[in-house]
Structure formats: C-alpha cells, structure tokens
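A short worksheet on the structure shown next.
Chain identifiers are assigned alphabetically (A, B, ...) following the order of the sequence lines, protein sequences preceding nucleic acid strands; residue numbering begins at 1 within each chain.
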There are 2 protein chains.
Amino acid sequence: MSKQHSSSKVYLDVVENLRTMIEADGLLPGDKIPSERELSERLAVGRSSVREALRALELLGLIETRRGEGTFIKDFQEHKLVELLGTFFLQNNKVNEDLVETRNLIEIDCLRVIIAHAIDDEIEQLIRWAEKNDFSDEDFFLKVAMCNRNRLLERIWRIVNSYAKASTFSDTKVSKQAYETLLEYVRKRDENQVVATYISLIRNMSKSE
Amino acid sequence: MSKQHSSSKVYLDVVENLRTMIEADGLLPGDKIPSERELSERLAVGRSSVREALRALELLGLIETRRGEGTFIKDFQEHKLVELLGTFFLQNNKVNEDLVETRNLIEIDCLRVIIAHAIDDEIEQLIRWAEKNDFSDEDFFLKVAMCNRNRLLERIWRIVNSYAKASTFSDTKVSKQAYETLLEYVRKRDENQVVATYISLIRNMSKSE
DNA sequence: CGAACTTAAGTGGTCAGACCACACGGGTCT
DNA sequence: AGACCCGTGTGGTCTGACCACTTAAGTTCG
C-alpha cells in the first residue's frame, strides 16, 4: 500500500509516507524513526530524496537528527520556521501593520479567554506576579498568553510576536499602573472595560513613539 | 564575506546565504533565484546540499520551483506546512478544543477588522456574494477572512481552520438566514450585535451536532 | 572479575557524477 | 510568416563513494 501519491515530487511522497508511517506505528515525540537508508529501501527511492524530505521536516521543526544516532520525532514546539519567515522577506510595510494589528487582536483574545475560563486563583496569581515583578510590555503579554488555557493561542501569540518584534523598533514602556488597572478589570471579569483599557494602552504606546 | 556560518550543517548555511543573498540583491516575490548548479558553485558546496536547503524552503512555502525554468521566490501565502503540521501529530484531545475555540476567536477578529477598516463597498460586495451564492460555514468564513484587509489574519485563519477541519467531524450547516443577519449588523458596523449573532451561530452549530 | 581499551557496525553529512523530463529560444525548413 | 526541430539550461532523481560520529559488542589487561 501507499505508493504513488502522484505528487510528482518524490520527496513529498516521502513526507507523506513518513506521516502515515508514524501514525500507523503510533510513534510519539522522542521516538526514533527509521534510518535514511532503510527508508530509502522501504520506499524504493533514492536516499537523496529521503534526505530532502527529512531536511525539510527538520527545518520545520518536526524532527531532529543526531549524527551517528538517528532521526527523532520532535516535540512540536519551537520552530526555526519563525525566525526564518520573520527575517526572510518582511520588507513589505503592509505586513508590519498587519503584524501589529494581529498581535493586538490576539492579545485581546487571550484576555477574553482568561476572563471566560480562568479560575479565580489563576487570575490572583497573575495579579500577584504583576505586583511583585518588573516587566516589559512583551513580558506582560507573554505571561498573559501563558496564563490562558488555550495553548494554541499562546503559540500563535508567540509566533506573531516574534515576527512583530523582528520588524518593528518600538520598545515603549507602558506604566505598570496601567497594567494593574487592566488586571483589576480582568479580576472583575468585565470584558468591556478590559478591552477599553487595553485599547488605551495601545494608544499610549503609539503616542509615546 | 558570508562564509563559515558554523552551522555545522551545510544546508543551513545555504539557507542563510540564500537569505542574505536575496536581501542584498533586493529580490522580491516572483523573482528568480540562481540555479541549483550555480548556487552549488558560488557557495562551494555540493548540489545535493543546495537541494536540501531549497526543498526545505519549498516545503515552507517560501520558494517555488518549476522544472525546466528555475526557482522563484514565492509570495508568502499558502503553505503546505499547514496540512503537514495539522495532521502530523494531533492526537491530543485538548488541542482540538483549543482549535475550535481559536478558530472562533479569529473569526470574530476578522469580523472586527472588517467593521473597523472595510469601506462600505467591500461590505456591500460581501453581502451580495452571500445573497447570490450557496455556501458552507467554512466557505462563509473563508470569504470573511479574505475580505478583511489583514492578510496575516487571513493566513492564520486558514491554518487554524485546516487544523480544525482535519481533527473534527462537524459539518453542520447554519441557515443562510443567520448569516445574512450577521452581515446586516456588519453593514451597520454594530460590533456588539455582530459578536452576539456570531455566538448564537456557534451555539446552534454545537447543538445540531 | 571488572575496568579500560579496541573495534566493527550503524547512522547522519556531504560530495560528485550521471541520467531523465521539461521549458524555452533560436535556427531551419516549408 | 508560420510550423517544426533541436540544443541548452533547469529542476528531479538515483547511485556510489567517503567522512565523522555514536554505540555497543568484544577484547585485553590489571
């Protein structure tokens, strides 16, 4: 089974076969996948094609290779992909605007999720953290993103934030006071006020630049 | 300049060199990059290493290759990366919940962006499209995502939607009527009503399942 | 016996060369 | 002028050869 995937590009077939293979064998992050030579044989393709597929998956952060040992499935978290995409062609100005806007939207979404799902204790913990520590804008929203239960949303925030950070130069600081006001509304689970406060924060940032 | 990037992996050096090369020459999406053989010579590495780099970038959706013609910089939009990541290892159940929630958040964000930035004519066009055509839920929000000015947000929606589609089985249909109500509020730029309507839509979906 | 060393096999990393399939452009024939 | 043909360049793929490194089995020696 699983032969001509008609992709016309062998290395894509390999990627596909690898995927189904991993699924079928129930391989998990950390597990080892067959060696390049074995894959080459089993799939009846050249080793170079196998390598093209593996290198691509490696750059995507899906696998990890260790010379002399083998190739392993990676816990899909950090992506080199980010730094790449970010610096590759962000000469476009429109993209930067989109980045900032999107980051703002995501940050609000994170706050909404917290308001909707977080238990009181989690919010208290967040407030206590803000009181005790010094932090930058980025730190703050990283904390917020991490605090919210939705890991995917956090991940998206991280990515968008990386992009945005790489392509803008604003490192304005919002007063700690403002953030504490924001959190106060979060505690009250007053979505409208949270959003309003957030928006005024944003406005201050762009002003001070 | 730009030689030993010490990455230990040649193909990563190639990626890096390629990046700086593109930047230095001011190449833009659509432009052609040097041939594999030329890169191989210029960088003094094997052609196979060049290919590993190019295939990786191709899978990332950063470049496009056309047999017999050459390799071109791609307008960063669709990624094969999506289908990949999505189906690669999403055995985690929590992820599915996050997917759906995130998609919903993004969809609302798209609507917000439209309300905030779209000109009247764009909205009218959207409404006319909805009147004249038959569409699924996915079609509708794809259209919405495409309509909003923020390309990045559209891209994120596409990604999240692909994930979500691949891991859930709901294909419930919301009545056309409901969508037209939604759009009516968009026309009035009444954000609160739009959100409220959207939420009731979502609720209907999960009910009917 | 156990610790240290040696060795062989396996794995990824890289290169060179050979073909193939396809696209394009210039030249030729009608 | 139009249709055709073929050379050149490009990506696509395979093969075979080394190299560097890891691991574990086997061997030697204290």
(message) Across nucleotides 9-17 of chain D, 5' to 3', mark each nucleotide with B, S or - according to how protein heavy atoms within less than 4.0 Å reach it.
(response) BBBBBBB-B
(message) Between B/Glu58 and A/Lys9 (salt bridge meaning N to carboxylate O under 4.0 Å), is one present in this structure?
(response) yes
(request) Please determine if A/Glu131 and A/Lys176 form a salt bridge, counting it only when a charged side-chain N lies under 4.0 Å from a carboxylate O. (result) no
(request) Keeping the roles fixed (side chain from B/Glu122, backbone from B/Ile119), state whether a donor-acceptor pair exists under 3.5 Å. (result) yes
(message) In whole Å, I'd like the distance from the CD atom of A/Glu64 to the C1' atom of C/dT11.
(response) 15 Å
(request) Specify whether B/Tyr179 and B/Phe141 have parallel, tilted or perpendicular ring planes, treating 30° as the upper limit for parallel and 60° as the lower limit for perpendicular. (result) perpendicular
(message) Rounded at 0.5 Å granularity, tell me how far CG in B/Leu183 sits from CD in B/Glu124.
(response) 10.0 Å
